[in-house]
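The block underneath contains the structure these notes are about, expressed in structure tokens.
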Amino acid sequence: MRLRNAVIWLFAFGAMVLAGAASSSRWEHVPSKDHARANPLTGQNEAIEAGRTIYRDHCLQCHKVDGRGDGRKKPSLRSARVSGASDGDIEWFLRQGDLAHGMPSWSNLPEAQRWQLVAYLRSIQ
Ligand code: HEC
């Protein structure tokens with residue numbers, strides 16, 4: 001009986017470790033030259049406002065008002081994971097998307113619009 005409990009505990013612990021690794025590895029695959037890219041529009045009010053409009057048109061339906069997410073599968077964009085990512089990490093991820101998990105690719109947007117989105121996200125974090 002005690003052995004069975006230990007096995008169950010080990011499985012639960014292992015699953016937690018794996019889940020933690022999966023969520024923190026979001027930016028691990030970003031190529032270093034993308035990771036290092038800085039947002040050329042950082043802090044510019046016009047870019048933030050443009051990003052707000054693009055957000056409303058393309059992102060709000062899933063990530064909700066002010067990027068807080070739906071508390072379930074659609075993550076908050078104000079989390080430590082996103083605010084701790086580099087500008088380049090986020091721009092790269094917007095290009096890639098993660099369709100298998102419900103995040104579309106935004107590679108069809110002009111690059112400047114992705115930087116406007118990054119500027120907007122920074123303004124609400
Ligand atoms: C159809 C729903 C949907 C739309 C529209 C959408 N997203 Fe997402 N997004 C998701 C989901 C679901 C995830 C989580 C994917 C995963 O777990 O890999 C995600 C993840 C993200 C992440 C990573 C968050 C993290 O915690 O690592 C960022 C950044 C992001 N989205 C930004 C955006 C932006 C900016 C837009 C608008 C251009 C957008 N998303 C539009 C569903 C959506």
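Start at 1 and go down the list; that is how both ligands and their atoms are numbered.
Between V82 and L77, the shortest heavy-atom contact is CG1-O, 3.6 Å.
Residue contacts with ligand 1, taken as heavy atom pairs separated by less than 4.0 Å, do not involve A100 at all. In F93, the part holding a heavy atom less than 4.0 Å from any atom of ligand 1 is the side chain. The backbone and the side chain of M103 each have at least one atom closer than 4.0 Å to an atom of ligand 1 (non-hydrogen atoms only). Counting heavy atoms under 4.0 Å from ligand 1, residue C59 touches it through both backbone and side chain. Of the heavy atoms in I54, none comes closer than 4.0 Å to ligand 1. Using a 4.0 Å cut-off between heavy atoms, L109 makes no contact with ligand 1 at all. At a heavy-atom cutoff of 4.0 Å, ligand 1 is contacted by the backbone of K73 but not by its side chain.
Checked by atom type and distance alone, the side chain of W27 pairs as donor or acceptor with a backbone atom of R81 at under 3.5 Å. One N or O on the side chain of S86 and one on the backbone of H35 form a donor-acceptor pair closer than 3.5 Å. Without hydrogens or angle criteria, S25 side chain to E28 main chain gives no donor-acceptor distance under 3.5 Å.
In this structure, the side chains of F93 and M103 come closer than 4.5 Å at one or more pairs of heavy atoms. Two residues are said to be in side-chain contact when any heavy atoms from C-beta on lie closer than 4.5 Å; L41 and E46 fail this criterion. At a threshold of 4.5 Å between non-hydrogen side-chain atoms, the residues R26 and D98 count as touching. Using a 4.5 Å cut-off on side-chain heavy atoms (C-beta onward), L117 and L94 make contact.
Residue pairs meeting the side chain to side chain donor-acceptor pair (under 3.5 Å) criterion with at least one member in residues 114-125, sequence neighbours excluded, are D87-R122, E91-R114, E111-W115, R122-Q125. Contacts classified as side chain to side chain donor-acceptor pair (under 3.5 Å) and involving residues 52-63 (residues at least two apart or in different chains) are given here: E49-R52.
The distance from the CD1 atom of I48 to the CD1 atom of I124 is 11.0 Å, given to the nearest 0.5 Å.
Between Q61 and ligand 1, no pair of N/O atoms sits closer than 3.5 Å. Annotation: H58 places no N or O atom under 3.5 Å from an N or O atom of ligand 1; distance criterion only. Checking only distances, D98 does come within under 3.5 Å of ligand 1, N or O to N or O. Here's the thing with R81: one of its N/O atoms is less than 3.5 angstrom from an N/O atom of ligand 1.
Residue V82 approaches ligand 1 through these ligand atoms, each under 4.0 Å from one of its heavy atoms: 24 (C), 25 (C), 26 (O). Near P104, meaning under 4.0 Å from one of its heavy atoms, ligand 1 places the atoms 3 (C), 4 (C), 6 (C), 7 (N), 43 (C). Every atom of ligand 1 with a heavy atom of L117 under 4.0 Å away is listed here by number and element: 38 (C). Interface atoms of ligand 1 facing L94, defined by a heavy-atom separation under 4.0 Å, are 32 (C), 33 (C), 34 (C), 35 (C).
Comparing R56, R78, R26, H63 by heavy-atom distance to atom 40 (N) of ligand 1, the nearest is H63. The residue among S79, C62, P75 with a heavy atom at the shortest distance from atom 13 (C) of ligand 1 is P75.
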